[in-house]
Amino acid sequence: AWSLILVVSLAVFALNTLYATTKASRLGGASASASRLQLNSQRLANQGREAIGGDAEAFAAFKDTKAQVDEDIKLLNDRYGDTAGVAGPIRTVTATWDPLAKRADEVVASQQAVVGLAGRADSFASKVPQLQAQLNEVVRGLASGGAGSGQVFTALEQVTTLSRMAQRIAELRAGGTGAQVAADALGRDSAVFDRSMNALRNGSGDIQRVTAAGAVAPLNQAATLWQGMKTDLNAIVASSGNLIRAQNSAAALATGSDKLLSDSESLFAAFTSFGSLKDTSIIGGVWVSILSGLGILVSLVGLYFSSRAA
């Protein structure tokens, strides 16, 4: 009887060890992919935020990270999608990634519009101090030249409107719930500023054409500067919808990245638990090796005492 137990225990131990070794070899590269998913889930969120700020290098890094996530998830599904113990976590990670991948694609598709808008916004912002200085000169020239209150008030309003437009652009680029409001207000402010500039130069309604000697030259310089800034502003307003959609996609990606991280951690744990005491699988499990090893030991002890008794 002890001989039979020994033979069976040896067979179970050998077969279980062979199966476990084969399975461990198959799962060799999987834990690396699962580990990268944990890192890239957070990296993607951070790079997305940087990219929609207009950083071309961040867009390039974002694309590379997204491609790595796609590759790792495809590898996990192709090689281990039907493997007991890890198939469930792989399906969970895949289901979490699918909608996030679409959001990532939307961010990638926005690159040209977003980077172009950032360039226009930086160009506009760099000229604001100069235009403000010219408008302040207009106000001083009007005041010293005895201009009417309507002209002075309109020139002062131009200074205020210019500052407000710069603030609107900052709010638009910051994203969030106020981005669309800022974009809409920016278009209105631009139209108001342009009408007032034309009124000061040519006269309109209650506003007389500026003729004060100290105001005409800075007003003409301000008008020339404004034409270039208006081109930037029109481009910003036209591209604002693309930026806002990219911002929303990046925000959704950042929110979903936490779940992707959590699911990736569970997947990594599923791979690394194989062959440990946490592994509850029967075939190839460490407990089978332990029990069969005990069977070998007990049968050897039994054989020893049986031979002594004989």
Side-chain angles (χ1 to χ4, degrees), residues 29-81 86 88-122 168-183 236 239-272:
S31 59
S33 293
S35 179
R36 278 195 301 268
L37 285 175
Q38 296 177 65
L39 175 63
N40 286 334
S41 65
Q42 301 306 295
R43 181 178 288 168
L44 203 64
N46 293 331
Q47 290 170 344
R49 281 190 289 265
E50 294 170 0
I52 60 170
D55 188 338
E57 291 183 0
F59 266 107
F62 181 86
K63 287 186 223 181
D64 290 342
T65 302
K66 197 262 181 183
Q68 182 66 69
V69 174
D70 283 334
E71 181 181 336
D72 283 330
I73 288 183
K74 184 178 186 303
L75 180 146
L76 289 168
N77 278 282
D78 290 348
R79 295 188 182 179
Y80 315 107
V86 296
I90 289 174
R91 284 193 297 269
T92 299
V93 166
T94 303
T96 299
W97 172 242
D98 284 344
L100 295 180
K102 292 182 176 63
R103 292 294 195 173
D105 287 336
E106 290 167 359
V107 171
V108 170
S110 73
Q111 178 174 357
Q112 183 175 353
V114 169
V115 173
L117 186 149
R120 295 284 191 177
D122 291 341
R168 303 288 193 202
I169 292 174
E171 292 170 355
L172 170 62
R173 297 183 73 182
T177 56
Q180 186 61 62
V181 174
I236 291 170
S239 299
S240 61
N242 292 325
L243 174 61
I244 291 170
R245 284 190 291 274
Q247 289 170 339
N248 291 337
S249 295
L253 196 59
T255 301
S257 68
D258 289 336
K259 186 174 188 310
L260 182 60
L261 172 62
S262 175
D263 292 343
S264 299
E265 288 172 343
S266 298
L267 176 59
F268 183 76
F271 278 114
T272 55

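Residue numbers run from 1 in the order of the sequence given.
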Tell me, with the steps shown, if Val181 and Glu171 meet side chain to side chain contact (heavy atoms under 4.5 Å, CB included). CA-CA 9 Å; Val181 174; Glu171 292 170 355; over 6 Å; no
Quick one: [atom1] on [X] to [atom2] on [Y], what's the gap to the nearest 0.5 Å?
X: Ile90; Y: Tyr80; atom1: CD1; atom2: OH; value: 8.5 Å
X: Gln38; Y: Ser266; atom1: CD; atom2: OG; value: 9.0 Å
X: Ile244; Y: Ser240; atom1: CD1; atom2: OG; value: 5.0 Å
X: Gln42; Y: Gln47; atom1: CD; atom2: CD; value: 11.5 Å

Measure the shortest side-chain to side-chain distance between [X] and [Y] over non-hydrogen atoms and say whether it is less than 4.5 angstrom.
X: Leu172; Y: Arg168; value: no
X: Lys102; Y: Pro99; value: no
X: Asp70; Y: Lys74; value: no
X: Leu37; Y: Ile73; value: yes
X: Leu76; Y: Phe271; value: yes

Cut-off 3.5 Å, no hydrogens considered: what does the side-chain donor-acceptor table look like for residues 108-120, sequence neighbours left out?
from, atom 1, to, atom 2, distance (Å)
Ser110, OG, Val107, O, 2.7
Gln111, OE1, Lys63, NZ, 2.9
Arg120, NH1, Asp232, OD1, 2.9

Side-chain donor-acceptor pairs of residues 49-56 under 3.5 Å, sequence neighbours excluded:
from, atom 1, to, atom 2, distance (Å)
Arg49, NH2, Asn46, OD1, 2.4
Asp55, OD1, Glu57, N, 3.0
Asp55, OD1, Ala58, N, 3.2

Among side-chain atoms of Gln68 and Asp64, is any donor-acceptor pair under 3.5 angstrom? no
Test item: side-chain donor near acceptor, Thr96 and Asp263, under 3.5 Å: yes
Using a 3.5 Å cut-off and no angle test, enumerate the donor-acceptor pairs between side-chain atoms of residues 249-257 and protein atoms at least two apart in sequence or in another chain.
from, atom 1, to, atom 2, distance (Å)
Ser249, OG, Glu106, OE1, 2.5
Ser249, OG, Arg245, O, 3.1
Thr255, OG1, Ala251, O, 3.0
Ser257, OG, Ala254, O, 2.7

